[in-house]
Amino acid sequence: MTTQSPSHHVFILMGVSGSGKSAVANQVSHQLNTAFLDGDFLHPRANIMKMADGHPLDDNDRQPWLQALNDAAFAMQRTQAISVIVCSALKKSYRDILRQGNDNLRFIYLKGDFDTIEARLKARKGHFFKPQMLVTQFATLEEPGSDEPDVLVVDITHSLDEVVAATVATIRDAISQG
């Protein structure tokens, strides 16, 4: 196992459901030849069962999941030059948990307004859109402010290709600035 390198970076693509996190991360990871992890895969079985039963997770449910993501980010930044993780990270307290001990971690906030994201969710094929879910996501969202300088913002009101290009450029710029 290698030690943490200041040249290794982890980027968490964050945003509400429907902001394009998975689609963007998949293409960005491919273009930059990076490690990629969908944070949803680290949910404990109890969370998966709770969500499958139609019950929302609370902060206590999310705690072990966020800690698992923190551990994954730590491992990734020790072994990969660039890593991308998808995680909604809607609250500042969640982002703070993810930051702990991960000095080379930054967030990329895929920012879009309610109407844009609602239209995209409605257009998804094979996806049953529940409007209340999006309302809840926006109600939970604590947009990053100036007190979170490690959060970079990408506007998602453009095409997927343009959002991917902007995200790649954001990552490259962040790396070049150290």
Cationic N near anionic O, under 4.0 Å, [X] to [Y]:
X      : Y      : value
Asp96  : Lys92  : yes
Arg106 : Glu148 : no
Asp38  : Lys21  : no
Lys111 : Glu143 : yes

Please round to the nearest 0.5 Å and tell me the distance separating atom [atom1] of [X] and atom [atom2] of [Y].
X      : Y      : atom1 : atom2 : value
Ile175 : Gln177 : CD1   : CD    : 11.0 Å
Arg120 : Ser17  : CZ    : OG    : 12.5 Å
Tyr94  : Leu66  : OH    : CG    : 7.0 Å
Met76  : Phe11  : CE    : CZ    : 12.0 Å
Ile117 : Phe138 : CD1   : CZ    : 4.0 Å
His9   : Gln80  : NE2   : CD    : 13.0 Å

Nearest heavy-atom neighbours spanning [X] and [Y]:
X      : Y      : result
Gly112 : Ile156 : CA-CG1, 3.5 Å
Leu105 : Ala73  : CD1-CB, 3.7 Å
Pro56  : Lys50  : O-CE, 3.3 Å
Ile97  : Asn70  : O-ND2, 2.8 Å
Gly39  : Leu69  : CA-CD2, 3.5 Å

Phe107 vs Leu152 side-chain heavy atoms within contact, under 4.5 Å: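 With C-beta onward as the side chain, the pair stays apart.
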Do Val16 and Leu90 have side chains that get closer than 4.5 Å, going by heavy atoms?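 Contact flag for Val16/Leu90 side chains = yes.
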Could you go through the side chain to side chain donor-acceptor pair (under 3.5 Å) check for Thr34 and Ser29 one step at a time? CA-CA 5 Å; Thr34 66; Ser29 179; 3.0 Å; yes
Transitive ILVMFWY side-chain link Leu57 to Ile48, under 4.5 Å: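 Not linked; separate clusters.
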Are Met51 and Val86 connected, step by step, through hydrophobic side chains (Ile, Leu, Val, Met, Phe, Trp, Tyr) whose heavy atoms are closer than 4.5 Å?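 In one cluster with Met51: Val86, no.
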Are Thr170 and Asp173 close enough, and set up right, to give a side chain to side chain donor-acceptor pair (under 3.5 Å), and what steps lead you there? CA-CA 5 Å; Thr170 298; Asp173 186 50; over 6 Å; no
Do Gln63 and Asp59 get their side chains close enough for a donor-acceptor pair, meaning under 3.5 Å?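 Gln63 vs Asp59: no donor-acceptor pair found between side chains.
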Regarding Thr157 and Asp155, do their side chains bring together a donor and an acceptor under 3.5 Å, going by distance alone?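 Indeed, the side chains of Thr157 and Asp155 share at least one donor-acceptor pair under 3.5 Å.
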Asp58 side chain vs Asn60 backbone, donor-acceptor pair below 3.5 Å: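 Yes, because the side chain of Asp58 sits within donor-acceptor range (under 3.5 Å) of the backbone of Asn60.
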Going by side-chain contact (heavy atoms from CB on, under 4.5 Å), Gln31 matches just one of Val168, Asn26, Thr167. Which one?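 The passing option is Val168.
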If you apply the rule side chain to side chain contact (heavy atoms under 4.5 Å, CB included), what do you find for Leu13 with Val24, and how did you get there? CA-CA 8 Å; Leu13 269 61; Val24 171; 3.7 Å; yes
Flag if over 12 foreign heavy atoms under 6.0 Å of CE, Met49: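 Counting neighbours around CE of Met49, 12 or fewer heavy atoms of other residues, nucleotides or ligands fall under 6.0 Å, so no.
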Val28 vs Phe36, test: side chain to side chain contact (heavy atoms under 4.5 Å, CB included). Steps then yes/no. CA-CA 9 Å; Val28 166; Phe36 169 61; over 6 Å; no
